[in-house]
Enquirer: 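Take this structure first; my questions come after.
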Amino acid sequence: MKNRPLFITIIFFSFLFHANAQKPAVLQKADLAMLCGSWKGSLTYLDYRSGKPYTMPANTIISTIPNSNHLLEEMIYPDEPKANGKDTLLVNAGFTSFDGYTIVSRKSLADGSVEIVTKHNGQDGNDNKDAIIRKTYTIGKNKFINRKDVQFVGTTEWIKRNEYSYTK
């Protein structure tokens with residue numbers, strides 16, 4: 001068999017690649033359980049017109065949706081009640097996607113909280129430019145931070161678009 005060394009090389013690298021392949025990052029049910037409850041805090045967002053951050057009170061109530069992996073999030077803005085709303089935070093069956101974004105990492109932090117990073121290709125800004133949107137969730141028993149960073153296509157800089165910071 002003339003091609004035997006080539007065949008063995010291909011098999012070797014196939015096993016090597018498979019052994020080094022990382023498992024996808026996944027949410028855990030405990031992460032979702034920690035999110036549930038009433039949270040009080042603030043929203044700080046970048047006003048693209050002025051280029052300056054603006055902070056306002058923001059609260060949320062997160063609860064499970066029966067017979068699903070999904071969560072219901074009620075957003076409450078005490079100073080702007082017309083902006084209040086509800087949203088469903090979707091979790092796919094494999095727990096590899098959260099709120100429509102692919103989970104790229106999940107790590108436990110020293111204080112017992114969890115950091116979950118997600119990414120998604122989308123659009124952002126006043127003129128809806130194409131961008132990579134990264135959301136970082138820090139979830140603990142008494143703290144919840146939801147940060148959105150944006151990297152516009154053709155740039156290397158990440159811009160902090162907004163951050164919700166809550167406590168129980």
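FYI, the numbering just counts along the sequence from 1. Hydrogens, waters and symmetry mates are skipped; everything else that's a heavy atom, side chains included, is used.
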Enquirer: Are Asp31 and Arg106 within salt-bridge range, i.e. N to O under 4.0 Å?
Expert: yes
Enquirer: Is a side-chain donor or acceptor of Asn59 paired with a backbone partner of Ser38 at a separation under 3.5 angstrom?
Expert: no
Enquirer: Is any side-chain heavy atom of Cys36 less than 4.5 Å from a side-chain heavy atom of Leu71?
Expert: yes
Enquirer: Does atom NZ of Lys168 have more than 12 heavy-atom neighbours from other groups under 6.0 Å away?
Expert: yes
Enquirer: Atom CD in Gln28, atom CD1 in Ile116: separation rounded to 0.5 Å?
Expert: 8.5 Å
Enquirer: Pick one: which of Val26, Val91, Thr102 meets side-chain contact (heavy atoms from CB on, under 4.5 Å) with Thr96?
Expert: Val26
Enquirer: Evaluate Asp99 against Thr118 for side chain to side chain contact (heavy atoms under 4.5 Å, CB included), listing each step before the verdict.
Expert: CA-CA 9 Å; Asp99 200 23; Thr118 66; over 6 Å; no
Enquirer: With a 3.5 Å distance limit and no angle check, can you tell me whether Thr60 reaches the backbone of Glu74 through a side-chain donor-acceptor pair?
Expert: yes
Enquirer: Would you say the side chain of Leu43 lies within less than 4.5 Å of the side chain of Tyr77, judging by non-hydrogen atoms?
Expert: yes
Enquirer: Got more than 12 heavy atoms from elsewhere within 6.0 Å of NZ, Lys160?
Expert: yes
Enquirer: State, to 0.1 Å, how close Ile103 and Ala25 come at their nearest heavy-atom pair, and which atoms those are.
Expert: CG2-CB, 3.6 Å
Enquirer: Distance check, rounded to the nearest 0.5 Å: Asp130 atom CG versus Asn121 atom CG?
Expert: 8.5 Å
Enquirer: Can a salt bridge be assigned to the pair Asp149 and Arg161 using a cut-off of 4.0 Å between side-chain N and carboxylate O?
Expert: no
Enquirer: Are any non-hydrogen side-chain atoms of Tyr137 and Glu115 less than 4.5 angstrom apart?
Expert: no
Enquirer: Quick one: OH on Tyr166 to CG on Asn146, what's the gap to the nearest 0.5 Å?
Expert: 7.0 Å
Enquirer: Taking the side chain as C-beta and beyond, is there a heavy-atom pair between Asn69 and Phe95 under 4.5 Å?
Expert: yes
Enquirer: Can any side-chain N or O of Thr88 pair as donor or acceptor with the backbone N or O of Leu90 at less than 3.5 Å?
Expert: no
Enquirer: Testing the basics here: between Val153 and Ala131, what is the closest heavy-atom pair and its distance to 0.1 Å?
Expert: CG2-N, 3.9 Å
Enquirer: Evaluate Asp47 against Lys52 for side chain to side chain contact (heavy atoms under 4.5 Å, CB included), listing each step before the verdict.
Expert: CA-CA 6 Å; Asp47 181 345; Lys52 297 181 181 184; 5.7 Å; no
Enquirer: Hey, could you give me the OH/CD1 distance between Tyr101 and Ile133, rounded to the nearest 0.5 Å?
Expert: 4.0 Å
Enquirer: Using atom types as modelled and distance alone, determine if a side-chain donor or acceptor of Thr64 lies under 3.5 Å from a backbone N or O of Pro66.
Expert: no
Enquirer: Check Ser42 against Thr55 and note the closest heavy-atom contact, atom names and distance.
Expert: CB-CG2, 3.9 Å
Enquirer: Is it true that Met56 and Trp39 fall in one hydrophobic cluster, defined by side-chain heavy atoms closer than 4.5 Å?
Expert: yes
Enquirer: Closest heavy-atom contact between Pro57 and Pro78?
Expert: O-CD, 3.6 Å
Enquirer: Could you tell me whether the side chain of Leu46 reaches within less than 4.5 Å of the side chain of Ile159, counting heavy atoms only?
Expert: yes
Enquirer: Check whether any side-chain heavy atom of Val117 lies under 4.5 Å from a side-chain heavy atom of Val104, and answer yes or no.
Expert: yes
Enquirer: Could you measure the distance from the NE2 atom of His70 to the CG atom of Leu89? Nearest 0.5 Å is fine.
Expert: 10.0 Å
Enquirer: If hydrophobic clusters are built by linking Ile, Leu, Val, Met, Phe, Trp and Tyr wherever their side-chain heavy atoms come under 4.5 Å apart, do Tyr54 and Met75 end up in the same one?
Expert: yes
Enquirer: Give, for atom OG of Ser113 and atom NZ of Lys141, the distance between the pair rounded to the nearest 0.5 Å.
Expert: 11.0 Å
Enquirer: Under a 4.5 Å side-chain heavy-atom rule over Ile, Leu, Val, Met, Phe, Trp and Tyr, are Leu27 and Ile145 clustered together?
Expert: no
Enquirer: Going by the side chain to side chain donor-acceptor pair (under 3.5 Å) test, name the single residue among Asn162, Asp124, Thr136 that passes it with Lys148.
Expert: Asp124
Enquirer: Could you please spell out the steps behind the side chain to side chain contact (heavy atoms under 4.5 Å, CB included) verdict for Ile62 and Leu35?
Expert: CA-CA 7 Å; Ile62 300 175; Leu35 270 175; 4.1 Å; yes
Enquirer: How close do Phe98 and Leu32 get, counting heavy atoms only, and between which atoms?
Expert: CE1-CD2, 4.1 Å
Enquirer: Applying the 4.5 Å side-chain criterion to the ILVMFWY set and letting contacts propagate, would Tyr45 and Phe144 be lumped into a single cluster?
Expert: yes
